[in-house]
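Note on naming: letters A, B, ... go to the chains in the order of the sequence lines (proteins, then strands), and numbering restarts at 1 for each one.
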Amino acid sequence: MNKIISPHFIKLFLLLLLFVSMSCAMFSSKVFAQTKEDKDVVIPKADVSFIFHLSDRVVDGWLVFLDGLGKTFDPIIRPVFKPITSFLERTYQPWAKICALGLFIGAMIWVWVGMPKEYVNLGRKKKTVWTDLRFWTIISMLPHVIVYLYF
Amino acid sequence: MVEYVTLHWIDLTIIGVYMVGCFALGTYTSKYIENAGDFFISGKSLPFWAIAFSIVVSDIGALDFVGVAGNAYKYGVSAANFDWLGSMPAMVFAAFIFVPYFWRSGVFTIPEFLGRRYNSAVQVINALIWTSVMLLSLMIMLWTTADDLVYTILGYKPIYTVWVMAGVTGFYTFAGGLSAVVMTDVVQLIVMYVGGLGLLALSLWEVGGWSAMRAKIEAMGPEFANHFTILLPNSTENPFPWTGIVFGLGIVLAIAYMSGNQAIVHRTLGARSEWDAKAGMLMAGFLKSFIPLMVALPGLCAIVYLHERNLILHEQDKVIPTMIRMMLPPGLRGLMFAALFAALMSSISGTLSSASTIFVTDIFNKLWTLGKKKSLDEKQALYVGRGFTLFLIISSALFAEQISRVGGIYNFIQTILSLFQGPSLAILLLGIMWKRATGWGGLVGLITGVFFCFVLWCVPNLFPAEDPFLFVSMWSFVFSVIVTVIVSLLTPPESEEKIRGLVWGSVVQDIKAQSALSERVKS
């Protein structure tokens, strides 16, 4: 115990306290109040009330900054994303399934064909079929392929 | 008048045995902890099956039981995408691209890897982001279980539950580090699967089986027409349109989560061999395939079950608690509670262990080095790691109540993650795959990428989704890749010496790096 309570440890302790306090303060009141205001929440006061007071000021400023950010970039960003969004909205629905299945099947092919067998199994102790990670990949992937075909 | 459930003595015994068992097992492992390597990465001794169990159970928390079931109740099977399309391809990718590099480089954390590949600024920024996200996650986990589960069903004051869970989990993580986390995770996975599958079986039994449930839901009206469509049209009003799921989740968010999240990758860094690290990740993906059966399907069953009893739930997060309260008999109820506590405790301990590892390695050690010009020694690192673990759990418990202000917790945490995942993945991927990526490129790509995320969030109605986190992560990834490439090409390349063994080309083609790695695997 004596070993732990050394001057070094006290310094570490204070730094940790500072870090944790600041992090907690950032997550306080108003950010959360943005999404749900109907609950009456009792904020622990005691010794940390000054942190909440400070963080409220920080969060107020932050929200004003974000609002300004949105207004500034809206005219630049919207013309870029609007055509992409409208293109995707018109995209033929079966492409969804083709793309999803492509991810699973593509990954299986990549492991089997695209990678050297030695690299895939580097570090294995016994060279058997059961320890070949290419088989593991197929077995792990197949149930997903079936599920996406079903739904 | 709210009706609470009184636990039968059988339930209390099951929960009690489980809690005491985990506490004892976790604390027992502390006798093997002698230095920082043992505490943070289990002295590189973990077998693949323990890694797999630990990854699954750390990833799936009580939050998933509550949140995914709630989303399935409201939006249908598309909620399961997060554990199917959002897991397996990303885990294969992580297993064969990222994990081998992390394991070989001998790092304790992902920010440490980024520090070696890029520079200290990238390392510290990434570490600060992840530590903050983990602290928030801890508060969410604790409060969700205490308020949405224990209070809804049993009526126990949430703050008491928070402190009991924090106390038990915090203590064994403090004592045993990653070894304690992994050993308890193995037990917790088994408990979680038994409890979860028990709830699934009973739910299906109550609604007359899969076919009957599907027919009943489809007959309920047009608002349930898409409940059995896993990839929804792009114009949908819900937060999971297919473009977001496939490109945002499948390609960006999932890979970033499985490859760049310390809480997931941490166990593979403690693997006894590179093969164990890869195999652990693959097996975890396979085991995760069953999770939607336990978390999403009961949400679908709840639609029929509650409809037949003329009950309508306005808060989706109350679905699972209501099902447990109304449906489960004594014994099974205790088992289900043990499963939920298992999910919670494993996630808490995993997050605690990872956060303290990042804090010590990437933040504290950096500050310490600035002042002392030398790194922390093994004992000092162990003390700081334990100290931070203690602080983190106490702070999380203290501030957990703030989470009660947030609605739709699952989407909330995904939203927070989306702010950082895209840019983090971009620099991680380029760092491994492209030897020309430079320290300046990584730093500018990360900072401007996060800034771009905020811009995307601040412009209203930009994407076709209620909560556009999937689109934000996808486009911020693309943006960060472009910025990192441009800045890297404008700055001098990194030396061969610095990137040896850290990038794809240098390992595959460099004979020196290959022989060094072979030596390492043999030893």
Would a 4.5 Å heavy-atom cut-off, applied to side chains only, mark [X] and [Y] as touching?
X: B:Trp475; Y: A:Phe81; result: yes
X: A:Leu103; Y: B:Ile251; result: yes
X: A:Pro143; Y: B:Trp84; result: no

Please state whether the side chain, the backbone, both or neither of [X] comes within less than 4.5 Å of a heavy atom of chain A.
X: B:Val455; value: both
X: B:Leu456; value: side chain
X: B:Asn81; value: both
X: B:Phe48; value: side chain

Atom of [X], atom of [Y] and distance for their closest heavy-atom approach:
X: B:Lys278; Y: A:Asn121; answer: NZ-N, 4.4 Å
X: B:Met88; Y: A:Ser140; answer: CE-CB, 3.3 Å
X: A:Gly123; Y: B:Ser273; answer: O-OG, 3.8 Å
X: A:Ala96; Y: B:Leu231; answer: O-CD1, 3.5 Å
X: B:Gly285; Y: A:His144; answer: O-CE1, 4.4 Å

Euclidean distance, [Y] [atom2] relative to [X] [atom1], rounded to 0.5 Å:
X: B:His227; Y: A:Phe151; atom1: NE2; atom2: CZ; answer: 12.5 Å
X: A:Leu69; Y: B:Phe451; atom1: CG; atom2: CZ; answer: 4.5 Å
X: B:Ser289; Y: A:Ile139; atom1: OG; atom2: CD1; answer: 12.0 Å
X: A:Trp110; Y: B:Phe96; atom1: CH2; atom2: CZ; answer: 7.5 Å

*Could you note down all residue pairs passing salt bridge (Lys or Arg N to Asp or Glu O under 4.0 Å) where residues 121-134 of chain A supplies at least one of them, sequence neighbours left out?*
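Every pair satisfying salt bridge (Lys or Arg N to Asp or Glu O under 4.0 Å) with a residue in residues 121-134 of chain A: A:Asp132-A:Arg134.
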
*Would you sort out whether B:Phe452 and A:Ile77 count as a side-chain contact (heavy atoms from CB on, under 4.5 Å), showing the intermediate values?*
CA-CA 10 Å; B:Phe452 189 65; A:Ile77 296 282; 3.9 Å; yes

*Check the angle between the aromatic planes of B:Trp210 and A:Tyr150 and answer parallel, tilted or perpendicular using the 30° and 60° thresholds.*
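Answer is tilted, since the angle falls between 30° and 60°.
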
*asked:* Using heavy-atom distances under 4.5 Å, tell me whether A:Met115 contacts chain B through its side chain, its backbone, both, or neither.
replied: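 The side chain, not the backbone.
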
*asked:* Using the ring pair (Phe, Tyr, Trp, His ring centres under 6.0 Å) criterion, which residues pair with A:Tyr148? Sequence neighbours excluded.
replied: A:Phe104

*Has the side chain of B:Trp275 got a donor or acceptor atom that lies under 3.5 Å from a matching backbone atom of A:Thr131?*
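Present.
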
*asked:* Counting heavy-atom pairs closer than 4.5 Å to chain B, which one of A:Thr137, A:Ile84, A:Val120, A:Asp67 comes out on top?
replied: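 It is A:Val120.
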
*Which one, A:Thr72, A:Val147, A:Leu133, leads in non-hydrogen pairs under 4.5 Å with chain B?*
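Among the listed options, the one with the most contacts to chain B is A:Leu133.
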
*What do the steps show when you test B:Phe286 against A:Trp136 for ring-ring contact (aromatic ring centres under 6.0 Å, His included), and what is the final call?*
CA-CA 9 Å; B:Phe286 179 71; A:Trp136 289 43; 9.4 Å; no

